[in-house]
Peer 1: 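To start, I am sharing the structure in question, which I have written as structure tokens.
Every chain is numbered from 1 and lettered A, B, ... according to where its sequence line falls, protein lines coming before strand lines.
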There are 2 protein chains.
Amino acid sequence: MPMRYGRSVVFQGELGAFSQSAAQKLLGDNLRFLPCPTFADVFDVLKQKKADHAVIPIENTLHGSVHDNYDLLVECDYFVTGETKLRISHQLITMPEVTWRSVKQVFSHPVALNQCRRFFQKYPQIKPIPFYDTAGSVKMLQETRTPASGAIASVTAASIYGGRIQKRDIEDNPENYTRFFLLSKQRKAPKTTAGPGWKTSLVFSTPNQPGALFKALACFALRNISLTKIESRPIQGKPWEYRFYLDLEGPDNSDVVKRALSNLSELTDWMKILGSYQSTL
Amino acid sequence: MPMRYGRSVVFQGELGAFSQSAAQKLLGDNLRFLPCPTFADVFDVLKQKKADHAVIPIENTLHGSVHDNYDLLVECDYFVTGETKLRISHQLITMPEVTWRSVKQVFSHPVALNQCRRFFQKYPQIKPIPFYDTAGSVKMLQETRTPASGAIASVTAASIYGGRIQKRDIEDNPENYTRFFLLSKQRKAPKTTAGPGWKTSLVFSTPNQPGALFKALACFALRNISLTKIESRPIQGKPWEYRFYLDLEGPDNSDVVKRALSNLSELTDWMKILGSYQSTL
């Protein structure tokens, strides 16, 4: 049940979603949760300034980048002010009255289903059925009591919606982590420029010229600034042109990063600093 | 109906899928089609050498890269020997007995549903329902005659499965193109090294060192070799490490590309040439 007080945090999914756990890790307790059906809905809430924060998944070690969120960040006025990583474990959950042997279909988000391929190979009589959300699939079973059905979601979701965990940790690959961004109204920067463990995320596009990306990366390489991630996304309406997203080590108010960004602005036709932040372990 | 003779081409989706149209554009007529439910199934057929060719979507100008296929290419022994681009237009299709006004739910592949967001905003009474395939959703309606239902798929799919097009070209953005790779058993290279319009695709990983990607791109930039695409994908089992995919201009048997690739091999801990090819317009 949403609380009346505390900072408001919008996220995609139902209560019990992995994003909610990430929000608690990033912001602690006394939060007011605003669950939304889609990522677009999350960013709509931010556009109307109706939440203090958002927590969004940005990449997963098996699935890769969450492209919807990369695209939506470009138009968003909130800043990236934090990141955290969660180990993702998938549980096969049913309502208590459903026996494991009777399960014929299992609902979950397509990404979660895809991360449990071996489970479905081992039990070919069970059919995976795409659903809009992991926790939402358990909530749906609680409401509909659909017979012979299960859901794949978190331990938290099982607990919130009164589900029983029938098979634990059914993901194919245990090296399954999701990285989340915390978005906030106010930009964040370290008080001193020597703060260790800071990262900066930015996005830019270059003129469509040979070597343009190489020159952009040179701004950082020639200053010994490490990149931890690069991602390219198509620019809508400009077929075969791309935006580039970089995560680099260092806060955006340090001298060396400032100089690199100033250098980069000479080489790009558009750029945006998404924010500077530290990891919450 | 599959033909008895001709070269065999495996693709994801049912007959009438966009990949089938791409195959016809790339290979002409007299083909034997092997439709498969998933991309993993397509690559299983290749592993068993049971098809002459595969045609797979590799990127879309709205949705971005098709990551399943990027990942599956790494383990595949077939070579990229061609590429083509198709304009993707989505049609709202029903069986002939269904009236437009009665439609309450529409089945299609999640990517296609996502590319028709404005259509669903305009008609909020119609519910989008994810299905495994665009053409397959029309086939399903033909078989089940589910009432009050439609599908989003191609003009070809409407024709193959006896559907009626109720609304034409319902995609949000007309700049909607998909790029397809042709995969073949034998590597392809131009007879002379001066062949214009050739591209080479490759994938590599670098040691986890600062500036590693910058140095890799230098192999091409310093030789004035243009890159047309860069893509990063997580390496499974190695959280927060990435493989990089490059498309560059030039065939892999030209002197300058050979030297660049030899240079690159000094800087990577693993690399694979996926193939050289020309575009079929």
Peer 1: Which distance, rounded to the nearest 0.5 Å, do you find between the CD1 of Ile225(B) and the CZ of Phe214(A)?
Peer 2: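 Taking CD1 in Ile225(B) and CZ in Phe214(A), the distance rounds to 12.5 Å.
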
Peer 1: Check chain B against chain A and list any donor-acceptor pairs under 3.5 Å.
Peer 2:
residue   : atom : partner   : partner atom : Å
Glu59(B)  : OE1  : Tyr242(A) : OH           : 2.7
Glu59(B)  : OE2  : Tyr242(A) : OH           : 3.1
Leu62(B)  : O    : Gln236(A) : NE2          : 3.0
His63(B)  : O    : Arg233(A) : NH1          : 2.9
His63(B)  : O    : Arg233(A) : NH2          : 3.2
Ile230(B) : O    : Ser232(A) : OG           : 2.7
Ser232(B) : OG   : Ile230(A) : O            : 2.7
Arg233(B) : NH1  : His63(A)  : O            : 2.9
Arg233(B) : NH2  : His63(A)  : O            : 3.3
Gln236(B) : NE2  : Leu62(A)  : O            : 2.9
Tyr242(B) : OH   : Glu59(A)  : OE1          : 2.7
Tyr242(B) : OH   : Glu59(A)  : OE2          : 3.1

Peer 1: Can Phe244(B) and Ile230(A) be said to form a side-chain contact (heavy atoms from CB on, under 4.5 Å), step by step?
Peer 2: CA-CA 10 Å; Phe244(B) 299 100; Ile230(A) 180 168; 3.6 Å; yes

Peer 1: Among Pro174(B), Gly211(B), Gly237(B), single out the residue with the greatest number of heavy-atom pairs under 4.5 Å to chain A.
Peer 2: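 Ranked by heavy-atom pairs under 4.5 Å with chain A, first place is Gly237(B).
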
Peer 1: Heavy-atom distance under 4.5 Å to chain A: side chain of Ala212(B), backbone, both or neither?
Peer 2: neither

